[in-house]
Amino acid sequence: MIALSLVFLAPLVVMVLGSLQRPLQPPPDGLDLWPDPAEWSNYLAVPRFMPLAWLLLNSLLLVVVAVPVTVVVTSMAGLAIVTARGRLRRGLIGVSVFMLLVPAAALWVPRVVLLRGVGLADTPLTVALLALAGTTPFYVLLFALAYSRIPVSLLEAATLEGLSPYAVWRRVALPLGRPAAVAVAALSTLYYWSTFMDPLTLVSSPGNWPVALGLRRLSEMEAALYPIYLAGAVIVTAPALLAFAIGQRSFFASVERS
Amino acid sequence: SAPGEDAAAGSATARITVQLKADPEEAAVYRSLATAYQAAGGGEIELVTVGRKDHLTRLSTAFASGDAPDVFLINYREYAPFVQRGAVRPIGPLLKQEGLDTADYYEQPLSAFTYDGALQCMPQNISSLVVYWNRALFAKAGLPAPKAGWSWDEFVRTAQALTADGVKGVGIDPSITRMAPFIWSKGGAIVDDGKAPTRTTLHEPGARAALQAVVDLIATGATPSKDQLASQGLEEQFMTGKLAMFMSSRVEVPALREQRGLDFDVAALPVMGTPASVLHSDAYCVASSSKNTKAAAKFIAYAVGQQGQTVTALGGRTVPSLRSVATSPAFLSPARPPASSQVFLDAIAHLRHTPVTPSWPEVEDVIGTQLQRAFEDGVPLDEVLAEIQKQADPLLRRR
Amino acid sequence: MSLRILGAHKVFHARGARVTALDGIDLEAKDGELLVIVGPSGSGKSTLLRAVAGLEPLDAGQVLIGDRDVTSVPPGRRDVAMVFQEAALFPHLSVAANIGIGERARGANRRAVEARVRSVAETLAVDHLLGRMPGELSGGERQRVALARVMIRTPAVCLLDEPLASVDAELRLRMRGEIRTVQRSLGVPMVHVTHDQVEAMAMGDRVAVMDAGRVLQCDTPAEVYARPATMAVARGFGPLPMNLLPIGEGTVMGLRPERVRVRPAEASGRAGSVVEVEPAGEECLVRVLPDDANTDLLARLPWTDAPTVGDRVTVAWRPEDEHHFDATTGERR
Amino acid sequence: MSLRILGAHKVFHARGARVTALDGIDLEAKDGELLVIVGPSGSGKSTLLRAVAGLEPLDAGQVLIGDRDVTSVPPGRRDVAMVFQEAALFPHLSVAANIGIGERARGANRRAVEARVRSVAETLAVDHLLGRMPGELSGGERQRVALARVMIRTPAVCLLDEPLASVDAELRLRMRGEIRTVQRSLGVPMVHVTHDQVEAMAMGDRVAVMDAGRVLQCDTPAEVYARPATMAVARGFGPLPMNLLPIGEGTVMGLRPERVRVRPAEASGRAGSVVEVEPAGEECLVRVLPDDANTDLLARLPWTDAPTVGDRVTVAWRPEDEHHFDATTGERR
Amino acid sequence: MPVKRHVEGVVGTGTGAVPTVLSRVRGVGAGLRRWPLAVPYLIGSLLLVLVPLAMAAGLAFTDYFGFRAPEFTGADNVVRLAGDSAFWDAVGVSAVIAVIVVPLRLFLAVGAALLLAKPRGARTAIGRAAAYLPSAIPDAAWALLWLWILNPLYGPLPAVLGALGVPDPGFLTTPWGARAGLVLVMAFQVGEAFIVALAARAAIPSRLYEAIEVEGGSAWFAMTRVTLPLMAPIVLVLAVRDIVVVVQNAFVPAMLVTDGGPVNATLTAPLLIYRRAFEYGELGYASTLSVTLLVLTGIAAALPLWLAARLAARQRTRA
Ligand SMILES: Nc1ncnc2c1ncn2[C@@H]1O[C@H](COP(=O)(O)OP(=O)(O)OP(=O)(O)O)[C@@H](O)[C@H]1O
Ligand SMILES: Nc1ncnc2c1ncn2[C@@H]1O[C@H](COP(=O)(O)OP(=O)(O)OP(=O)(O)O)[C@@H](O)[C@H]1O
Ligand SMILES: [Mg+2]
Ligand SMILES: [Mg+2]
């Protein structure tokens, strides 16, 4: 298990070490990874190539809006699937599975055409609109599966107690499906933090771009500047990891407590 | 973000969007261009700098959604689809209003960007293929600097002489833009008709001979092995002293300049028959959907004008298309390498360009893939050429 | 407001097989009446309750609460309270929150709910558990909490599905009383499913005996006990199942074990031998195999009279204690 | 092989509070013996069984099966069979597969298991359900399936945690017999938790009465019934809780309701009035509030003698039926 | 809480067909009308997925370059599709990669989830972080790392293989080597599936394991008869999702690591469609390809569903 962990961790280590190499230097041959001396100034160089703080702020805004919306939309839809019967349920599942199969690339152009049509294109939050569609139907199916394990009698009891559908969702399903909610929150955070194709197609003003798109541009730097790019990558990855590190205790605790 | 509600021309200082494909380093150059423009009384510019790979994606979706930038920079190899499909507003008349005289500019790029008899976009640079060479490695091998008009055989011999432990003589990209000058030099052609191509002609004797010569060069072992090619790009190998020569356009200069301890220069391409080189050029286009053509034209006129061209030339990235700047120290000053920038200007006389036709990007990919087989996998040239004919000709016919 | 169930039918489709859970049920529970439902496991008791609550759609039939036909009213709007067979507690809420959730959902003020929760919890002896989570309760504690959730409100109809199954005898006796008190004070119809015969007899104003999705008999406990309508009722209702002895002519004679007298071998009556003796407090249960029969007879005797296994005895009963049933239809004669 | 539990201690930590579930339990179930455990809900019965099975680690104490100390042996290697209080059925497996899963886990051949499953299922009257999924069963059916899973094997120790709670009276009587038969033929110790006093008396070779994590008394049912060691036992064991009347001098008198005679007001004895009458088949339960006391007295009378609420009566009992307990320690005097 | 009806049909009946298996998501009592909860989702999906998809499907029958209104061309695109060997080759490449990488990813994700399911202190914490991390690294950085790891001259992986005496498959130079490289790049980014699998594992009631434990079942038995069957629906959704991700959306690694090469050996269907749409500008025909790919993935995704249905039916009765 330790060995496996190392294999999984290795790329991260390589990334961090790479970010400390001196730029404008021949790339190291073979396993010569250790930066000597560590070039911390690479991190300071990143903002020279992209408006880092601004883009991070955009990304933060995106995540803060899109993730809760995703969780709400998908968990409500998941509960609807679980509590629906017959044709309605098959319909909802069918639509979700079908949408799961849709190639992302097929939607880029029509989507932007449509969103421009309704005047919603090109804002920092345009990409967050995807949260309305649940970001991906995968999350909806996840919630449906999670909720299908809540004892029926609980949902029934709640209904008999006179709780409205919304209250049943809010007070019973959501807390009971907390592992799923946390998982979806984690996954969608990652999604919105790292998506660059959606903003590339949906958002035209660079001022509205998220940091992932900035990083993507940085990735086309000359090879000799890669240490700076890697520094950028570390900076962008760090919040995701930090969030994970902070959240991991409560995250896994909630996963386990179910 | 595309304002301008009244007239089609809009105000001359309206805010416009300009989309460029640019490395992060290049982007800085364009930012200073925009700043200089504004300082000179121009309107506000929103620069959208996108990576190489995302430039076309962004343009396509932007055009499809009616959110096209007012101005975009594009390579002549890629612009044909845009022009043919009506995305571009011919720029000639617009620039005339701005009082810009195209006679001050080199002809080749202007002709490359002329389609249907009208100048569609305004070229900002006129780069060409040259040989980058490492002075230290030449000195170590006891070789003199390459002379203008050197022959292919000299070139091959030089490459062989440079090949030593850990160093290869020359790197060659298996792409048609790299091969084109040699094909032309040998009297061959890429397609039957440069204006309206219907088929490829690489299998015909002239072109075939040129390609064979390259294959023969590769067979001498003076070029990087397949593993080496997969390990590192040619420019990286060159930077790190593993490669003594490689061919590219002006685009490499900024990065090579920053490489500490690298002493390099450029030389003219070797000649197989008559001298030839291939045009590399980007141009500013005005989107047909733009509501601020006046402001767009004003910006372009500035960018390709004396001041604009000086700003970009100093960045090192471009060979100015404006003669006066190209011949000025801003471009030629030997203080900043390469010392022999004149080589780029000398090549202009025999510059040609690849066909301008909508299916060209795909044809290029097909040819590139097949040449790679011949150059790297040792597949017989004739087999490869037959395959190119088979795959590329239908594409050309379909347009 | 009375509760009426008319012609309720329900068929489950399980693995291709059809299971008729309700097969034409007509029942009424009047205002303030406690209707007890007993019946063997799988006879459809839970299904019936769930149908009344609206949790299981009926294939046919109607449910009326007062004059209102609620057959197609969603459960949340029927104003029905129910204790589930598996105590349905919300695992993420404390016991107090579990009890109060309905009140809170109906918009009651937190302070007020807290007070009511506390008082109900005291009644059901769960006040010391209010801060715990359901996962930390024993089986019986859970059932009491579920019961508390129902007792806190004043619904139109009250349904209890074996709420006392895991509660110990003493507490059970007390809770039985509490349930009755609450129900009387609410004055609403209450339907109570139980397996405990003593409970059925003690609590029910009327008792409905179910089997295989049908109501076999519905009457006062005393009446059902005294005059079971069918053999199934005779076996299914009462502290001990009735002895059933075929006596020829298509007739089966029924005898309550409580009415069978077992005496020393010399006495008059049918001779037989004791095959099993089970102590039961003051009494004992004795199985006697009469020499002339091949089904044994269960008898309940005072412990002081207990024979031992193998003893020769005679069994006797008074003629008026005999019940007679049709051997084929099972109906009372 | 006997089962011995020595000094078992178990404390749960719930929401910061400590709950002592087992507080020094010493018990033994001999080979072939059926030990019944009764006790109020929350007294630690399930915890004890789970500790024996190895599912709940003890804080102190030992579990011995035969001569083997299994205290730190994992559950799978203790060779213990257990029916859980909430039937732990595998939701993804059919009833047949659920019954057979243990055998299969121990590596038995599928064909052989199938045959045994069928025969056990017949015994427990669930053979018609074999193809169903657990979700499609009624509460009682589920419990029987869980029981079948235990009865299919021959373990060293058999643990049953209220396996019959949701089973109807008739079937219960039958299954009680089946369990006994199986247990006798296996000849292994069996520990059986139940709330049903009749069951406890009828089935148990010995009965252990628990309260608050302690064993209050462990003896034959008859002995426990006749001479309850403490007031708690007196209330907790027997078909009805014992009446407990403080009679001064730090003494409490106990009286079984079965032994209280209720007669017309003229008769000799203590005068009082009837406050409640509950029918119970042949008998009825009557609560009488003596004029000179403030706790009522429960009495069980034949139905034919039933008074009505409000009647003036006298209550009387024989002196030898009195039990005396210390009012402070609760212990028998 | 009793394990009752509520888990019914976690792995239920049926024989095949896409919705059957997923419809195991059990439905609850009759009158629980909570479908209004699905309304936001449905509206969002309509606006952002279904209508755009319908537009894409419409474009599939047109010539469209994004500059002028699409021109309807009838079945021309379909005819072209039939003879488009490049596309079918790419579909083949995608299929081959999916066949290898999807089971591998599932195995890694589910395996890690099972290994790391029980909290065992720091080791588990590190393991979990490790399993999640690769997915948190931006794609471009991830690709770059792998370019280095697989590098034929300087890469540690060929070096390690060489040291172990394993022949170097030529990760970036030979067709199969490049495909293997792509497989590796995708195999490690399983954080999403890992988290989902972990949540699924945690949702299995411990009582069931207690029952198996008491019966003396081995850990293997518990895993194969309880854990995996009960996790099956989630694993299934993961499988479908993974097929879709690998076949359709994961062109980023192909684009960044191998760029389709060498000689189109890793030119996957989505990469080809991407080039068709945005490098060659043929948005109409690219739509035709996209819709075709949608149908093909649908068929591919039906496979695990069918397989699972068969398995579940078998498992149900056999224990
Ligand atoms: N969801 C279901 N699918 C199929 N059959 C079912 C389902 N629910 C119940 N049944 C069957 O319907 C019949 C009636 O079940 P019900 O739960 O009403 O019985 P019950 O009288 O409450 O029994 P118990 O006393 O054991 O709880 C039983 O045979 C049961 O197996
Ligand atoms: N996991 C737990 N955490 C905290 N307290 C617990 C836990 N499990 C049981 N308890 C407490 O331990 C005590 C004994 O519980 P146990 O389940 O053994 O009772 P029981 O005798 O089986 O009751 P019942 O007859 O109601 O099933 C109870 O007070 C209960 O609340
Ligand atoms: Mg029931
Ligand atoms: Mg218990």
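Chain letters run A, B, ... following the sequence lines, proteins first and then strands; every chain starts at 1.
- Chain A forms more heavy-atom pairs under 4.5 Å with one residue of E/Ser287, E/Ala60, E/Pro40 than with any other, namely E/Pro40.
- Heavy atoms closer than 4.5 Å to chain A are found in both the backbone and the side chain of E/Phe188.
- Here A/Arg111 pairs with A/Asp198 under the salt bridge (Lys or Arg N to Asp or Glu O under 4.0 Å) rule; sequence neighbours left out.
- Listed options E/Leu293, E/Leu50, E/Ile273 were ranked by heavy-atom pairs under 4.5 angstrom with chain A; first place goes to E/Leu50.
- Between chain E and the options A/Thr136, A/Leu115, A/Thr189, A/Leu132, heavy-atom pairs under 4.5 Å are most frequent for A/Leu132.
- Minimum heavy-atom separation, A/Pro165 to E/Leu37: O-CD1, 4.0 Å.
- Minimum heavy-atom separation, E/Leu48 to A/Leu107: O-CD1, 4.3 Å.
- Residue E/Leu42 touches chain A through its side chain alone, counting heavy-atom pairs closer than 4.5 Å.
- Options A/Tyr191, A/Phe196, A/Phe98, A/Trp193 differ in how many heavy-atom pairs under 4.5 Å they form with chain E, and the most are formed by A/Phe98.
- With sequence neighbours excluded, the residues forming a salt bridge (Lys or Arg N to Asp or Glu O under 4.0 Å) with E/Arg275 are E/Asp259, listed by chain and number.
- Only the side chain of E/Val190 comes within less than 4.5 Å of a heavy atom in chain A; its backbone stays farther off.
- In this structure, the portion of A/Leu88 lying under 4.5 Å from any heavy atom of chain E is its side chain and not its backbone.
- The shortest heavy-atom contact between E/Tyr41 and A/Pro137 is OH-CB, 3.5 Å.
- Between E/Leu294 atom CG and A/Met99 atom CE the span is 12.0 Å, to the nearest 0.5 Å.
- When all heavy atoms of A/Leu101 and E/Gly298 are compared, the closest pair comes out as CD1-CA, 3.5 Å.
- By the 4.5 Å heavy-atom criterion applied to side chains, A/Phe138 and E/Leu238 are counted as neighbours.
- Residue contact with chain E, scored on non-hydrogen atoms closer than 4.5 Å, involves the side chain of A/Val236 exclusively.
- When all heavy atoms of E/Ser290 and A/Pro103 are compared, the closest pair comes out as O-CG, 3.6 Å.
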>> One pair to check against side chain to side chain contact (heavy atoms under 4.5 Å, CB included): A/Leu142 and E/Ile234. What are the steps and the verdict?
In response: CA-CA 7 Å; A/Leu142 266 186; E/Ile234 296 250; 4.3 Å; yes

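- Here the side chains of E/Ser135 and A/Leu190 are in contact, with some heavy-atom distance below 4.5 Å.
- Note: E/Val49 leads E/Val49, E/Ile43, E/Thr297 in heavy-atom pairs under 4.5 Å with chain A.
- Neither the backbone nor the side chain of A/Phe143 comes within less than 4.5 Å of any heavy atom of chain E.
- Residue contact with chain E, scored on non-hydrogen atoms closer than 4.5 Å, is absent for A/Val234.
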>> Set out, in order, the CA-CA distance, both residues' side-chain angles and the distance that settles side chain to side chain contact (heavy atoms under 4.5 Å, CB included) for E/Val196 and A/Leu187, then state yes or no.
In response: CA-CA 9 Å; E/Val196 171; A/Leu187 298 181; 3.8 Å; yes

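- One finds the CG atom of A/Leu129 at 7.5 Å from the CG atom of E/Leu47 (value rounded to the nearest 0.5 Å).
- Looking only at side-chain heavy atoms (C-beta outward), A/Val182 and E/Ile195 stay at 4.5 Å or farther from each other.
- For E/Val39, no part sits under 4.5 Å from any heavy atom of chain A, backbone or side chain.
- In this structure, the portion of A/Val140 lying under 4.5 Å from any heavy atom of chain E is its side chain and not its backbone.
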